[in-house]
Amino acid sequence: GEMADGEVRKVDREGGKLTLKHGDIKSLDMPAMTMVFVVKDKAMLDKLKAGDRVKFKAVNEAGKFTVTEMQMVQ
């Protein structure tokens with residue numbers, strides 16, 4: 001599927017969580033909003049900071065929205 005656009009609002013490295021303000025996520029049938037995601041791999045958070053723009057893929061794993069893939073947008 002295609003990647004959704006997001007803007008990083010908060011990074012929780014210890015908890016492995018990320019707050020993203022995102023556009024529509026078609027694969028999850030989710031409208032644009034700001035919410036907390038968990039990340040599949042905490043290393044994904046290493047270089048992230050608030051204000052960064054990203055493209056990402058997310059899945060619903062047992063009720064937890066999980067970012068499985070992410071890339072920085074220049």
Side-chain angles (χ1 to χ4, degrees):
E2 57 196 76
M3 298 184 95
D5 293 306
E7 185 185 322
V8 177
R9 286 289 193 237
K10 189 178 157 196
V11 181
D12 175 0
R13 288 187 176 78
E14 240 167 69
K17 292 179 189 158
L18 185 60
T19 305
L20 287 174
K21 178 184 179 187
H22 63 76
D24 290 350
I25 306 177
K26 292 191 178 67
S27 61
L28 294 173
D29 198 22
M30 183 185 290
M33 64 176 87
T34 299
M35 61 177 276
V36 177
F37 293 86
V38 293
V39 291
K40 191 168 133 177
D41 179 3
K42 284 187 183 181
M44 294 165 94
L45 302 177
D46 282 351
K47 299 187 174 87
L48 277 189
K49 62 186 185 311
D52 283 347
R53 300 191 68 80
V54 295
K55 283 196 176 294
F56 68 99
K57 282 185 186 172
V59 296
N60 182 347
E61 279 184 0
K64 276 189 184 169
F65 290 105
T66 306
V67 174
T68 56
E69 231 177 282
M70 191 162 45
Q71 63 196 39
M72 298 291 292
V73 177
Q74 295 309 321

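All of these numbers come straight from a predicted model, not from anything done at the bench. We count residues from 1, following the sequence as given.
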Among pairs that include at least one residue of residues 57-74, which meet salt bridge (charged side-chain N to carboxylate O under 4.0 Å, His left out), considering only residues two or more places apart or in two chains? Lys57-Glu69

Would you please name every residue forming a salt bridge (Lys or Arg N to Asp or Glu O under 4.0 Å) with Lys55, sequence neighbours left out? Asp5

Measure the spacing between CG of Asp12 and CG of Leu45 and express it to the nearest 0.5 Å. 8.0 Å

Fellow cluster residues of Val59, listed by chain then number, with links counted only when side-chain atoms sit under 4.5 Å apart: none

Linking Ile, Leu, Val, Met, Phe, Trp and Tyr through side-chain heavy atoms less than 4.5 Å apart, which residues share a cluster with Met3? none

Contacts satisfying salt bridge (charged side-chain N to carboxylate O under 4.0 Å, His left out) that involve residues 15-36 (not counting sequence neighbours) are Glu2-Lys26

Tracing side-chain contacts under 4.5 Å among Ile, Leu, Val, Met, Phe, Trp and Tyr outward from Val38 reaches none

Can you name the closest pair of heavy atoms from Val73 and Val54 and give their distance? CG2-C, 3.6 Å

For Glu7, enumerate each residue passing the salt bridge (Lys or Arg N to Asp or Glu O under 4.0 Å) test, keeping only those at least two apart in sequence or located in another chain. Arg9, Arg53

With Asp52, which residues qualify under salt bridge (Lys or Arg N to Asp or Glu O under 4.0 Å), at least two apart? Lys49

Just to verify, what does Phe56 make a ring-ring contact (aromatic ring centres under 6.0 Å, His included) with, not counting sequence neighbours? Phe37

Quick one: CE on Met30 to CG on Asn60, what's the gap to the nearest 0.5 Å? 7.5 Å

Taking all heavy atoms of Ala58 and all of Ser27, pick out the closest pair and write down the distance. O-OG, 4.0 Å

Under the side chain to side chain contact (heavy atoms under 4.5 Å, CB included) rule, what do Thr19 and Val8 come out as? Steps first, then yes or no, please. CA-CA 6 Å; Thr19 305; Val8 177; over 6 Å; no

Taking Leu28 as the starting point, is it possible to reach Val36 by hopping between hydrophobic residues whose side chains are less than 4.5 Å apart? no

What's the separation between atom CG in Leu48 and atom CE in Met70, rounded to the nearest 0.5 Å? 4.5 Å

Please name all residues satisfying salt bridge (Lys or Arg N to Asp or Glu O under 4.0 Å) with Glu14, sequence neighbours left out, ordered by chain then number. none

Give every residue pair that meets the salt bridge (charged side-chain N to carboxylate O under 4.0 Å, His left out) criterion with at least one member in residues 38-48, sequence neighbours excluded. none

